[in-house]
There are 2 protein chains.
Amino acid sequence: MIRDVYLKMCPCRDLLDMVASKWTALVIGDLEDGPKRFGELKRRLEGISQKMLTQTLRTLERDGLITRTVYPSVPLRVEYELTALGRGVTEPLAALRLWAQQNYESVAEARETFDNAEPMGLAPATTR
Amino acid sequence: MIRDVYLKMCPCRDLLDMVASKWTALVIGDLEDGPKRFGELKRRLEGISQKMLTQTLRTLERDGLITRTVYPSVPLRVEYELTALGRGVTEPLAALRLWAQQNYESVAEARETFDNAEPMGLAPATTR
DNA sequence: CCGTATCCTTGGTGATACTG
DNA sequence: CAGTATCACCAAGGATACGG
């Protein structure tokens, strides 16, 4: 049965929200070229907190996009790896990341233009 | 200059966050087949509040992905349309929506499996 | 090394009402 | 019809400390 992401109550919209959320694209992207350890991911995703990384990984694991393997060595060693299901989203997410990287300058320009055009009715020295 | 979305301070990460945010994929998707009025968008995106739609559209306009045209008829008429820049993200976002619609069932299954496997150390009648 | 628990702050989001 | 303004709230997310 094909669902419609435009329908409010459709569960697939939650799924869209999930893959389109802040860190998902980066985590999945970093797992593209093989399994990674927790620490590796943490280091690569500059600025992510331990909490958010754990949370993102849990969600992805629960949704079946990645697997989590524990090697009971000392010290502990945990690896995350994309599943077949997870590899299915890899491509669109990569395209999104690439687009962001390639079009940043155009967007920055657009912003400047927009912000300069906005203050049309700006009074010379009013408070707000 | 090519930026890296994995770098904390890279402005292109903000851009990634933007296109990957809750409503963006749906709004842009709905504009794929031509200009739409505010009300049309509102009706199509079931569950979006007026505030969030306005906010999403403003951001997209500011970033140069869509244009906003006002026809001073009575009653007022406003149309939103994708720019060339905006049409550049159309494809990956469509792929994402499609993936969500097609793989929802697999994900639902994975969740069930995960949730049933979790309560391993569940005590018979503990609080919490 | 990997993860959980807790506290605490912020802002995203919806509901509602009002204006051009 | 489109949009702004205000309020109120819950949950996302960071910092920190502790545990396996």
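Just so it is clear: chains get the letters A, B, ... in the order the sequence lines come, proteins before strands, and each one is counted from 1.
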May I have the distance from [X] (atom [atom1]) to [N] (atom [atom2]), rounded to whole angstrom?
| X | N | atom1 | atom2 | result |
| --- | --- | --- | --- | --- |
| B:K36 | D:dA2 | NZ | P | 13 Å |
| A:L45 | D:dG14 | CG | P | 12 Å |
| A:M52 | D:dA15 | CE | C1' | 14 Å |
| B:E79 | D:dA2 | CD | P | 9 Å |
| B:R68 | D:dA2 | CZ | P | 10 Å |
| A:Q55 | C:dA5 | CD | C1' | 13 Å |
| B:D17 | C:dG12 | CG | P | 12 Å |
| A:L57 | C:dT4 | CG | P | 10 Å |

Where the side chain of [X] is defined as all heavy atoms beyond and including C-beta, which of [options] is the nearest nucleotide?
| X | options | value |
| --- | --- | --- |
| A:R58 | D:dT4, C:dG3, D:dT6 | C:dG3 |
| A:P75 | C:dC2, D:dA15, C:dC1 | C:dC1 |
| B:L76 | C:dT4, C:dC2, D:dC1 | D:dC1 |
| B:W23 | C:dC2, C:dC7, C:dG14 | C:dG14 |
| B:T54 | D:dC7, D:dA15, D:dT4 | D:dT4 |

Go nucleotide by nucleotide along DNA chain D from the 5' end; which of B:R77 and A:S49 gets its closest nucleotide reached first? B:R77
Walking DNA chain D from its 5' end, the first of B:K51 and B:R43 to be reached, judged by nearest nucleotide, is B:R43
Between A:E40 and A:K42 (salt bridge meaning N to carboxylate O under 4.0 Å), is one present in this structure? no
Has B:R37 got a side-chain N or O lying under 4.0 Å from the OP1 or OP2 atom of D:dA2? yes
Give A:Y80 one of three labels, base, sugar-phosphate or nothing, depending on what nucleic acid heavy atoms sit under 4.0 Å from its own. sugar-phosphate
For B:Q50, which contact category applies under a 4.0 Å heavy-atom criterion: base, sugar-phosphate, or nothing? base
Carefully, step by step, assess A:D30 and A:R97 under the rule salt bridge (charged side-chain N to carboxylate O under 4.0 Å, His left out). CA-CA 11 Å; A:D30 202 29; A:R97 291 195 308 275; over 6 Å; no
Give a yes or no answer on whether the side chain of A:E46 reaches the backbone of B:K8 with a donor-acceptor pair at less than 3.5 Å. yes
Backbone of A:K36 reached by a side-chain donor or acceptor of A:E81 within 3.5 Å: no
Any side-chain heavy atom of A:D63 sitting closer than 4.5 Å to one from A:M18? yes
